[in-house]
Amino acid sequence: QVQLVESGGGLVQAGGSLRLSCAASRRMSGGTATGWFRQAPGKEREFVAAINWSGTNKLYADSVKGRFTISRDNAKDTVNLQMNSLKPEDTAVYYCAAETSGWSRFINRQSQYDYWGQGTQVTVSS
């Protein structure tokens, strides 16, 4: 069992930046991957970004490509999401998720993930 805890959310003006962190309760093994998803009010949860354990594979949703950067520090068991040039449409609850099946072409699907955090609110004002 793995517990994931997100932090770093908050209120920011459009054009600003935030850095989210996801801390795991135990060391994740090689072959696993971690993703970020978000859910805006009245909308379904959607994929944002994912990274494999070694950091060699990354995937971004088109809506955040070029603005968001996912990274990980395995020594600290954390995965970070640097969000720049934020827009009001980025407003959502952001969730961290971990999967143990390994990187695949389905890494952007919620069904691939075994563990989820509680989420952190990101609000971008116009």
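No donor-acceptor pair under 3.5 Å is formed between the side chain of Lys58 and the backbone N or O of Ala50. Looking only at distances, a side-chain donor or acceptor of Thr91 sits under 3.5 Å from a matching main-chain atom of Val124. Side-chain atoms of Asp73 do not come within 3.5 Å of backbone N or O of Val79 as any donor-acceptor pair.
In this structure, Ser104 and Gln112 have side chains that are in contact, with non-hydrogen atoms separated by less than 4.5 Å. At least one side-chain heavy atom of Lys87 sits less than 4.5 Å from a side-chain heavy atom of Arg67. No side-chain heavy atom of Arg19 sits less than 4.5 Å from a side-chain heavy atom of Met83. A 4.5 Å side-chain heavy-atom check between Glu99 and Tyr115 finds every atom pair outside the cut-off. Side chains of Val122 and Leu20 form a contact here, defined as non-hydrogen atoms less than 4.5 Å apart. The closest side-chain heavy-atom distance from Arg38 to Val64 is below 4.5 Å.
Crowding of Arg105 atom CZ: a count of heavy atoms from other residues, nucleotides or ligands under 6.0 Å not exceeding 12. Within a 6.0 Å radius of CD in Glu89, more than 12 heavy atoms belonging to other residues, nucleotides or ligands are found.
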Just list the side-chain donor-acceptor pairs under 3.5 Å for residues 4-17, sequence neighbours left out, or say none.
unit_1, atom_1, unit_2, atom_2, d
Glu6, OE1, Gln118, N, 3.1
Glu6, OE1, Gly119, N, 2.9
Glu6, OE2, Cys96, N, 2.8
Glu6, OE2, Gly119, N, 3.2
Ser17, OG, Asn84, OD1, 2.9

Asn57 vs Ile51, side chain to side chain contact (heavy atoms under 4.5 Å, CB included): CA-CA, chis, key distance, verdict
CA-CA 6 Å; Asn57 290 329; Ile51 186 170; over 6 Å; no
Test side chain to side chain contact (heavy atoms under 4.5 Å, CB included) applied to Leu81 and Val48, step by step:
CA-CA 10 Å; Leu81 186 68; Val48 176; 4.1 Å; yes
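Legend: ring pair (Phe, Tyr, Trp, His ring centres under 6.0 Å) pairs involving residues 58-79, not counting sequence neighbours: none detected.
Here Lys65 pairs with Asp62 in a salt bridge; the nearest charged N to carboxylate O distance falls below 4.0 Å. Salt-bridge formation is not detected for the pair Asp77/Arg72: no Lys NZ or Arg NE/NH1/NH2 atom is positioned less than 4.0 Å from an Asp or Glu carboxylate oxygen.
A side-chain contact (heavy atoms from CB on, under 4.5 Å) with Asp114 holds for exactly one of Thr100, Thr32, Val2; it is Thr100.
Counting Ile, Leu, Val, Met, Phe, Trp and Tyr side chains that sit under 4.5 Å apart, directly or through other members, Val93 shares a hydrophobic cluster with Phe37, Phe47, Leu59, Tyr95, Trp103, Ile107, Tyr113, Trp116.
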